[in-house]
Amino acid sequence: MNNDLLQHVERYLVEGLLGPEALAQYDRGPVGKVFLRPTATALVRLSDDFTRERQNLAEAAPGDYWHDTRRLAYLFHFLPRNYIKAAWVLAELGGHPDVVKELTAKSRFTVLDVGCGPGTSALATLSFLAALQPAAFQVRIVLVEMSPAALQKATDLLRQAADWINAERREAMTLHVTPHVGDAKSTGRYPPHAAADFIWLSNVLNECAPEDGPPAAWVRELVRDHLAPDGSLCVVEPALHASARAAMQLRDALLEDLSECGIFAPCTANGPCRMLAGRPERDWCHVALTWQPTPLVAQLDAMTGLSSRVQKFFYFVLRRDGKRATEARSGRTPWRVIGDLQREKGREKRLVCGPDRCTLLTRFKRDRHSGNEAFSAARRGDVLWLSSAPAPLADGLRLLPHIQVERQTVASSTTE
């Protein structure tokens, strides 16, 4: 993943929101704490609202935090963190040769960013497309957002990003932005647009009030009415128990209702979620990526005690064309790593999700060799390709000594 656009956006925000003196300090080194102290205070409050005190957001008007200092906290801290998650999802799409072939053959794209906030996912998509496209291309971005303030900022940042991208590349990108103030669930009221190559639902579902009913109905309409035949629905949610499990249930509902659709990632097969079907209610699926935080994120972390180096989140990507990140390979079976490595006396184990189950996979110390070293080297989100089926064990499955293990990572999953 390339952080250049993100760094440019951060610098642009410093200049526009903190002023020329802060920008001069940013270019030389750390920004003075006098400029960041109000933002740091607001960040602590906003971080609590997004995690421990979610009722505060539920009771507030939509986009309430865009009207006070918390908006700076969001732009300086949460925008970069959410950008890197979207870029990670796009990197996995970009790791599929047929998806890349289709995208590079196009010259016109439509991106639908629903509940867009400051346009974070759309920004990551612009960077992704610019890196793929060798020639001139056009992008129409449709932004749907309840907060006019957030929508205005998204439009501004996208246009600024397009100017920067065009200054960096020889072939021009033409950008058209269509902002729409409205409810994400009112899919029939979206502005007219071509079928979308990318639909983003990033940190949207968890903000839908429970009394509005389950999201399956309106997300189903979103896919049926707005997704291109070879497009991708990208859903990203916080790595919290309630939000992740709700999105896992949405995944199942969409697959049941939309027979023409399948999961590109992270699941290695369609059908009901293996974790929901076979694991305790306390479990939830999420991945983790390690990145080098941008300068301002690192400064705010130091001032608040927060840590942004490892980003955890839940996601899934749905497509109509049957493609998946783990295409069938002769003699190999894919198992997605969804748990950290657990070391016990004489053994190592981790939670994995495979073609028919979500379970603990164990490797005994005596069975360890160079051919299965990928088992311990893998991180959450990686795929382990096994050369043959693991054996039953009392608490899951066992990696037998003759089994070879190959590790598949999301392309450039670390930005360091």
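Salt bridge status for Glu373 with Arg407: absent, with no side-chain N to carboxylate O gap under 4.0 Å. Salt-bridge check for Arg329 with Glu406: passed, with a basic side-chain N closer than 4.0 Å to an acidic carboxylate O. Ion pairing between Lys85 and Glu92 fails under the 4.0 Å rule for side-chain N and carboxylate O. By the 4.0 Å N-to-carboxylate-O rule, Arg319 lies close enough to Glu102 to be salt-bridged with it. Salt bridge annotation for Asp395-Lys349: present, with a cationic side-chain nitrogen under 4.0 angstrom from a carboxylate oxygen.
Using modelled atom types, no side-chain atom of Asn270 and backbone atom of Gly262 make a donor-acceptor pair closer than 3.5 Å. For the pair Glu348 (side chain) and Gln342 (backbone), a donor-acceptor distance under 3.5 Å is absent. Between the side chain of Asp382 and the main chain of Val337, no donor-acceptor pair closer than 3.5 Å is present. Looking only at distances, a side-chain donor or acceptor of Arg320 sits under 3.5 Å from a matching main-chain atom of Val223. The main-chain N or O of Ala124 is never found under 3.5 Å from a side-chain atom of Ser127 such that the two would form a donor-acceptor pair. Side-chain N or O atoms of His241 include none that pairs as donor or acceptor with a backbone N or O of Trp284 at under 3.5 Å. The backbone N or O of Asp367 sits less than 3.5 Å from a side-chain atom of Asn372, completing a donor-acceptor pair. A donor-acceptor distance shorter than 3.5 angstrom exists from the side chain of Gln299 to the backbone of Val31, with no hydrogens or angles considered. Side chain of Ser47 to backbone of Leu43: no donor-acceptor contact under 3.5 angstrom is found.
Enclosure of atom CD in Glu256 is not indicated, since only 12 or fewer non-hydrogen atoms of other residues, nucleotides or ligands lie within 6.0 angstrom. Counting heavy atoms of neighbouring residues, nucleotides and ligands inside a 6.0 Å radius, atom CZ of Arg108 does not exceed 12 of them. By the neighbour-count criterion of 12 heavy atoms within 6.0 Å, atom NZ of Lys106 is densely surrounded, having more than that number from other residues, nucleotides or ligands. Enclosure of atom CD in Gln152 is not indicated, since only 12 or fewer non-hydrogen atoms of other residues, nucleotides or ligands lie within 6.0 angstrom.
Side-chain atoms of Val14 and Phe35, non-hydrogen and from C-beta on, never get closer than 4.5 Å to each other.
Not a single ring-ring contact (aromatic ring centres under 6.0 Å, His included) links Trp385 to another residue, sequence neighbours left out.
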*For the pair Trp200 and Thr125, evaluate side-chain hydrogen bond (donor to acceptor under 3.5 Å, both in side chains) and give the outcome as yes or no after the intermediate values.*
CA-CA 10 Å; Trp200 284 99; Thr125 309; 2.9 Å; yes
*Just do the side chain to side chain contact (heavy atoms under 4.5 Å, CB included) check on Arg332 and Gln404 with the steps written out, would you?*
CA-CA 9 Å; Arg332 296 274 176 170; Gln404 300 291 309; 4.0 Å; yes
*asked:* Between Phe198 and Phe109, does the ring-ring contact (aromatic ring centres under 6.0 Å, His included) criterion hold? Intermediate values first, please.
replied: CA-CA 8 Å; Phe198 301 90; Phe109 300 92; 7.1 Å; no
*asked:* Run the side-chain hydrogen bond (donor to acceptor under 3.5 Å, both in side chains) test on His226 and Glu221 for me, step by step, so that the C-alpha distance in whole Å, both residues' side-chain angles and the decisive distance to 0.1 Å come before the verdict.
replied: CA-CA 8 Å; His226 298 276; Glu221 292 176 1; over 6 Å; no
*Decide yes or no on side chain to side chain contact (heavy atoms under 4.5 Å, CB included) for Leu18 and Leu13, but give the supporting numbers first.*
CA-CA 8 Å; Leu18 299 181; Leu13 288 170; over 6 Å; no
*Begin with the C-alpha distance, continue with both residues' side-chain angles, and end with the deciding distance and a verdict on side-chain hydrogen bond (donor to acceptor under 3.5 Å, both in side chains) for Asp301 and Ser308.*
CA-CA 7 Å; Asp301 277 354; Ser308 301; 3.0 Å; yes
*asked:* Between Met248 and Met275, is the side chain to side chain contact (heavy atoms under 4.5 Å, CB included) condition met? List the steps.
replied: CA-CA 9 Å; Met248 291 156 67; Met275 178 176 280; 3.6 Å; yes
*asked:* Does Leu318 form a side chain to side chain contact (heavy atoms under 4.5 Å, CB included) with Leu254? I'd like the steps, not just the answer.
replied: CA-CA 9 Å; Leu318 180 147; Leu254 292 177; 4.1 Å; yes
*Full working for side-chain hydrogen bond (donor to acceptor under 3.5 Å, both in side chains) between Ser243 and Glu237*: CA-CA 7 Å; Ser243 57; Glu237 284 289 290; 4.8 Å; no
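Nearest heavy atoms, Arg220 versus Leu258: CG-CD2, 3.6 Å. The two atoms that bring Phe313 and Val89 nearest to each other are CE1-CG2, 4.3 Å, heavy atoms only. Of all heavy-atom pairs spanning Pro390 and Ile403, the tightest one is CA-CD1, 3.9 Å. Taking every heavy atom of both residues into account, Arg336 and Gly381 meet most closely at NH1-O, 2.6 Å. Closest of all the heavy-atom pairs between Val144 and Ala184 is CG1-CA, 4.2 Å. Taking every heavy atom of both residues into account, Leu175 and Ala162 meet most closely at CD2-CB, 3.6 Å.
Taking the six-membered ring wherever Trp is involved, the centroid distance between the rings of Phe50 and Tyr65 falls below 6.0 Å.
The CD atom of Gln7 sits 10.0 Å away from atom CG of Leu296, with the distance rounded to the nearest 0.5 Å. Atom CG of Asp230 and atom CG of Asp98 lie 11.5 Å apart (nearest 0.5 Å). From Leu126, atom CG reaches atom CG of Leu157 across 11.0 Å, with rounding to the nearest 0.5 Å. Taken from CD1 in Ile199 to CG in Leu233, the straight-line distance is 6.0 Å, to the nearest 0.5 Å. How far CG of Leu250 is from CG of Leu255: 9.5 Å, rounded to the nearest 0.5 Å. Taking CH2 of Trp88 as the start and CG of Leu289 as the end, the distance is 7.0 Å to the nearest 0.5 Å.
Of the listed residues (Leu393, Val352, Leu351), just one forms a side-chain contact (heavy atoms from CB on, under 4.5 Å) with Leu360, and that residue is Leu351. When Pro191, Pro179, Cys116 are each tested for a side-chain contact (heavy atoms from CB on, under 4.5 Å) with Val142, only one passes: Pro191.
Side-chain contact check for Tyr26 and Glu10: at least one donor-acceptor pair (N or O, by modelled atom type) lies under 3.5 Å. In this structure, a donor-acceptor pair under 3.5 Å is absent between the side chains of Thr362 and Arg398. For the 3.5 Å distance criterion, the side chains of His8 and Gln160 qualify, holding a donor opposite an acceptor. Side chain to side chain, Arg81 and His77 meet the donor-acceptor criterion of an N or O pair below 3.5 Å. Looking only at atom types and distance, the side chain of Arg380 has a donor-acceptor partner in the side chain of His286 under 3.5 Å away. Inspection of the Asp156 and Tyr12 side chains reveals an N or O donor paired with an N or O acceptor under 3.5 Å. Using modelled atom types, one finds a donor on one side chain and an acceptor on the other under 3.5 Å when comparing Arg140 with Thr178.
A cation-pi arrangement is found for Arg366 relative to Phe364, the charged atom lying closer than 6.0 Å to the ring centre and inside a 45° cone about the ring normal.
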